[in-house]
Amino acid sequence: MGGSGAGGDRPKGVGPLIPPLTETQRPLRQQIFERIRAAGLIPRVTLARELDVSPASVTTICAELIEAGLIEEVAAPRDVESARGRPAVALGVRAASHLVAGMKLSDREHTAVIVDFAGNLVADEAVPRQPGPMTLDELLTAVETLLARVCTKAGVAPQALSAIGIGVPGFVDVAAGLVHWSSVLHERNIPLAAAATARIGVPVTIDNDANLVALAELWFGAGRGLSDFAVVTIEHGVGMGFVMNHRIFRGSGRLGMELGHTKVELDGALCRCGQRGCLEAYVADYALAREATTALNRPATDTLSINALLESLYDHAKAGNATARSIFRRAGRYLAVGLSNVVNLFDPELIILSGDRMRYDYLYAAETLAEMDNLAINSGRPRPKIEIHAWGDLLWAHGAAALALSVVSEHLLATQRDLAAQ
Ligand SMILES: [Zn+2]
């Protein structure tokens, strides 16, 4: 501790050096817009009270937001507060002002949704695909085809969209728009966001698919009212999205929260990422499939798809086949190791287990959860809630749409702020 410092030096100050207008100090304009979007419909007076600002500032900013077409006045149903006098007026997001698309690209199928500016679903579409990595050109063609189909359903031209969000598995830097590695792409370090924007002619933002499931839960699901929760996805790989203080936590280089590649065995099984002993190499479907081929005594030349193989393994386990059961049980034990590490590191309020594989209930059987309890620090408190959301890929696409919506609204709010500053 330096005391008062050398004589004549200017005091350097103490405390974190937080730049103005960071995530934690959003401008009032953005806070007001986000509060209106979250409420659905909200009177000005309630808005001012909830944000603890003067009704005059709310009125001024709301007038600007209405002028800019982001929100609108709606006749609200009369409630106790406004039982007398003029009809009550509430504020809501102007749903028709923008449409965005959200897409999820995966090994089994590509899914897409179109939502309006208030987050209402307008259309959805899913296209099955052959598993395996694609070239960038093949992937862009797949995006274009899927977009054309979902836009036809919605009755809009793709170029009428304000933004597109795309989720891909793997190591994705959302800020740089870069895919460092993905199981759906042959090449590494692909500037996918720029390439897709150039091909489609609409701004495209990309993110890791597990982050988008967490975003979907935060915007539309069980996480709306929670400040800190985890979503662990088990599909072709194992992913995690973590919400910290109501925001997706990404890490300094946007590559954080790779739960699937945390190590659970030194020199263990080989993972798709090229390293050994990753959680994913014991829990993901290709790990189960590797053992299933042996357990079900299938020839090495078997052409059964991974899905069919796992369905067969699951059927055998349910019918009492001890070997088939042991494969799911072992995967469940490794999953327990991973989840207990999440609990010990982050102390989340809720852990959501998501993804198609959660239909295989052996993965989260009572034994798995008991194992997790044994491995988590013993505080005497009950463990965090665990929920199973075996929703399909449409939820993931919804998360991608939420990403696109936040890109659009943040751009509009920033433009408005710059105009106001002139
Ligand atoms: Zn790995």
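This is a predicted model, so every value here is computed, not measured.
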CG of Asn374 to CG of Leu369: how many Å apart, nearest 0.5 Å? 11.0 Å
Shortest non-hydrogen separation from Glu72 to Ala95 and the atoms involved: OE2-N, 4.5 Å
Enter the distance from Lys153:NZ to Cys151:SG here, rounded to the nearest 0.5 Å. 12.0 Å
Should Thr323 and Thr294 count as side-chain neighbours, where that means a heavy-atom distance under 4.5 Å? no
I'd like to know if the side chain of Arg37 reaches the main chain of Gly119, judged simply by a donor and an acceptor atom lying under 3.5 Å from each other, with no hydrogens or angles considered. no
Quick check on side chain to side chain contact (heavy atoms under 4.5 Å, CB included): which of Val184, Leu140, Thr141 does Met134 satisfy it with? Val184
Got Val408 and Phe117 here, is their nearest side-chain heavy-atom distance under 4.5 Å? yes
Pro384 and Phe229, any side-chain heavy atoms less than 4.5 Å apart: no
Look up atom CD in Glu410 and atom CD in Glu34, then write down how far apart they are to the nearest 0.5 Å. 6.5 Å
Main chain of Pro128, side chain of His110: is a donor-acceptor contact present, judged purely on distance under 3.5 Å? no
Do any pairs count as a salt bridge (charged side-chain N to carboxylate O under 4.0 Å, His left out) and have a residue in residues 188-215, sequence neighbours left out, and if so which ones? Asp137-Arg199, Glu144-Arg199, Asp207-Arg250
Measure the acute angle between the ring planes of Phe171 and Trp181, then classify it against the limits of 30° and 60° as parallel, tilted or perpendicular. tilted
Which value, rounded to the nearest 0.5 Å, describes the distance between Leu136 atom CG and Leu185 atom CG? 6.5 Å
Donor-acceptor contact below 3.5 Å, side chain Arg329 vs main chain Ala365: no
Okay, side chain of Glu280, backbone of Val238: is any donor-acceptor separation there less than 3.5 Å? yes
Taking only residues at least two apart or on different chains, which pairs with a member in residues 370-383 satisfy salt bridge (charged side-chain N to carboxylate O under 4.0 Å, His left out)? Arg333-Glu371, Asp347-Arg381, Asp373-Arg383
Looking only at non-hydrogen atoms, find the nearest pair between Val113 and Ala397 and report the distance. CG2-O, 3.6 Å
Quick one: does any side-chain atom of Ser312 pair with a main-chain N or O of Ala308 as donor and acceptor, under 3.5 Å? no
Please give me the minimum heavy-atom distance between Ile166 and Ala400, naming the atom from each residue. N-CB, 4.2 Å
Nearest 0.5 Å please: distance from the CD1 atom of Ile36 over to the CD1 atom of Ile71. 4.0 Å
Got Val74 and Leu91 here, is their nearest side-chain heavy-atom distance under 4.5 Å? no
For the residue pair Val202 and Leu161, what are the closest heavy atoms and their distance? CG1-O, 3.6 Å
Take Leu395 and Leu212 through the test side chain to side chain contact (heavy atoms under 4.5 Å, CB included) and record every step on the way to the result. CA-CA 9 Å; Leu395 176 86; Leu212 295 181; over 6 Å; no
Do Pro27 and Phe33 touch side chain to side chain, with heavy atoms closer than 4.5 Å? no
Going from CG on Asp228 to CG on Leu350, what distance comes out if it is rounded to the nearest 0.5 angstrom? 11.0 Å
Is there a donor-acceptor pair closer than 3.5 Å between any side-chain N or O of Glu138 and the backbone N or O of Thr135? yes
Is the closest basic N to carboxylate O distance between Glu235 and Lys104 below 4.0 Å? yes
Can you check whether Met103 reaches Glu125 side chain to side chain, under 4.5 Å on heavy atoms? no
Side chain proximity check, Thr205 to Ser406, heavy atoms < 4.5 angstrom: no
Within a strict 4.5 Å, meaning less than it, do heavy atoms of the Pro131 and Ile306 side chains meet? no
Distance-only donor-acceptor hits, side chain of residues 215-222, under 3.5 Å, sequence neighbours excluded:
| residue | atom | partner | partner atom | Å |
| --- | --- | --- | --- | --- |
| Glu217 | OE1 | Ala222 | N | 3.1 |
| Glu217 | OE2 | His389 | ND1 | 2.7 |

Quick one, Leu121 with His398, criterion side chain to side chain contact (heavy atoms under 4.5 Å, CB included). Give me CA distance, side-chain angles, the key distance, then yes/no. CA-CA 9 Å; Leu121 181 67; His398 263 98; 3.9 Å; yes
Does Ala68 offer a backbone N or O that forms a donor-acceptor pair with the side chain of Arg94 under 3.5 Å? no
Nearest heavy-atom pair of Val343 and Ile351: which atoms, and what distance? CG2-CD1, 3.8 Å
Without swapping roles, check the side chain of Thr197 against the backbone of Pro203 for a donor-acceptor pair under 3.5 Å. no
Heavy-atom closest contact (Pro169 atom, Leu105 atom, distance): CD-O, 3.2 Å
Sub-3.5 Å donor-acceptor pair from the side chain of Thr233 to the main-chain atoms of Ser354, do we have one? no
Please confirm whether the backbone N or O of Arg29 pairs with a side-chain atom of Arg26, one donor and one acceptor, at under 3.5 Å? no
